[in-house]
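Below: one structure, written as structure tokens.
Below, all heavy atoms of this structure are taken into account, side chains as well, without hydrogens, waters or symmetry copies.
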Amino acid sequence: MPRPEDSVWAVSVAQVASRPGQSKPIDTVFPAPAGIGDSVVGVREGADIRVVGSFDSIVDGLVFTGRLEAPVTAECTRCLKPIDPDWTVPVTAFFPYDSGACRDDRRTGHGKDDVEIIAGEDESEDVYPLSPDGAFADMESLLRDTLVEALPLQPLCREDCLGLCPQCGADLNEDPDHHHDVTDIRFAALEQLKAQLEAEQTGR
């Protein structure tokens, strides 16, 4: 069975765990875990993700507050050009000391005394487990969850991207005046009837 400290996403927090008021700054680069987006928009597995922030110790666990900086590979949904922006995402997460009990409480809706409240835990914060001995925080799930939630649904190369011509696929950003003389399909039948009448008149 792999040890928590052997994970490439593990952060040692033993020096601040169980000591309220202590803080441990972190500025580290981790490899991106698998499963962050897809070929249209996502972070490639193994790409460098910089994590900057701090673990702050409170009574019942550790609160991590910081930001993630990740290279996102995406395709513009209008013109289909590849874009490679760097995204900065703020993150706040809670690592309770008794993670097993915390998970049980969240599933059942009550604690072991039916009134237990985790100090410092806010409903908007994500909760992640520490290692069984409380000495390591594994950042893998935190990285994946935070970045997946932050990925744009419709990435654009620029806000005013004109996209592609629906008739021929030309890039309208390169030729904004590009257009086609297209007959309105609502009048196509009338155009056909007109042509037929003109042909009959010409044949007389």
Exercise. Run through Ile49, Val43, Val91 and flag the one making a side chain to side chain contact (heavy atoms under 4.5 Å, CB included) with Leu143.
Key: Ile49
Quiz item: Taking all atoms of both residues into account, what is the closest heavy-atom pair of Trp9 and Pro31, and its distance?
Solution: NE1-O, 2.7 Å
Self-check item: Separation of Thr88 OG1 from Arg50 CZ (nearest 0.5 Å)
Solution: 9.5 Å
Quiz prompt | CD1-CD distance between Ile36 and Glu45, expressed to the nearest 0.5 angstrom | solution = 9.0 Å
Self-check item: Least distance between heavy atoms, Cys79 atom then Asp171 atom
Solution: CB-OD1, 4.4 Å
Self-check item: Closest non-hydrogen atom pair between Ala137 and Val13, with its separation
Solution: N-CG2, 4.1 Å
Self-check item: Distance (rounded to the nearest 0.5 Å) between Phe64 CZ and Met139 CE
Solution: 4.5 Å
Exercise. Ignoring hydrogens and angles, state whether a donor on the side chain of Ser57 or Arg19 is under 3.5 Å from an acceptor on the partner side chain.
Key: no
Exercise. Kindly give the heavy-atom pair with the smallest separation between Asp60 and Phe94, and that separation in Å.
Key: O-CZ, 3.9 Å
Quiz item: What pair of heavy atoms forms the shortest contact from Val41 to Ala74, and how long is it?
Solution: CG2-CB, 3.9 Å
Quiz item: Tell me, do Tyr128 and Asp138 make a side-chain contact under 4.5 Å, heavy atoms counted?
Solution: no
Self-check item: Sole candidate of Ile58, Leu130, Val59 that passes side chain to side chain contact (heavy atoms under 4.5 Å, CB included) when paired with Tyr97
Solution: Leu130
Quiz item: Do side-chain atoms of Ser54 reach the backbone of Pro25 as a donor and acceptor pair under 3.5 angstrom?
Solution: no
Practice problem: Establish whether Val89 and Val148 are linked, either directly or via other cluster members, by ILVMFWY side-chain heavy-atom contacts under 4.5 Å. | Solution: yes
Exercise. Could you tell me which non-hydrogen atom of Cys157 sits nearest to which non-hydrogen atom of Cys76, and how far apart they are?
Key: N-SG, 3.4 Å
Self-check item: Lys/Arg-Asp/Glu bridge criterion (N-O < 4.0 Å) met for Lys24, Asp56
Solution: no
Self-check item: Phe55-Phe95 aromatic ring centre distance below 6.0 Å
Solution: yes
Self-check item: Inter-residue atom distance Thr28.OG1 - Asp48.CG, 0.5 Å rounding
Solution: 12.0 Å
Quiz prompt | Joint hydrophobic cluster, Ile26 plus Val29, side-chain heavy atoms closer than 4.5 Å | solution = no
Quiz item: Among side-chain atoms of Asn173 and Arg158, is any donor-acceptor pair under 3.5 angstrom?
Solution: yes
Quiz item: About how many Å separate NE2 of His178 and SG of Cys165, when rounded to the nearest 0.5 Å?
Solution: 3.5 Å
Practice problem: Any chance you could measure Arg78, atom CZ, to Leu164, atom CG, to the nearest 0.5 Å? | Solution: 11.5 Å
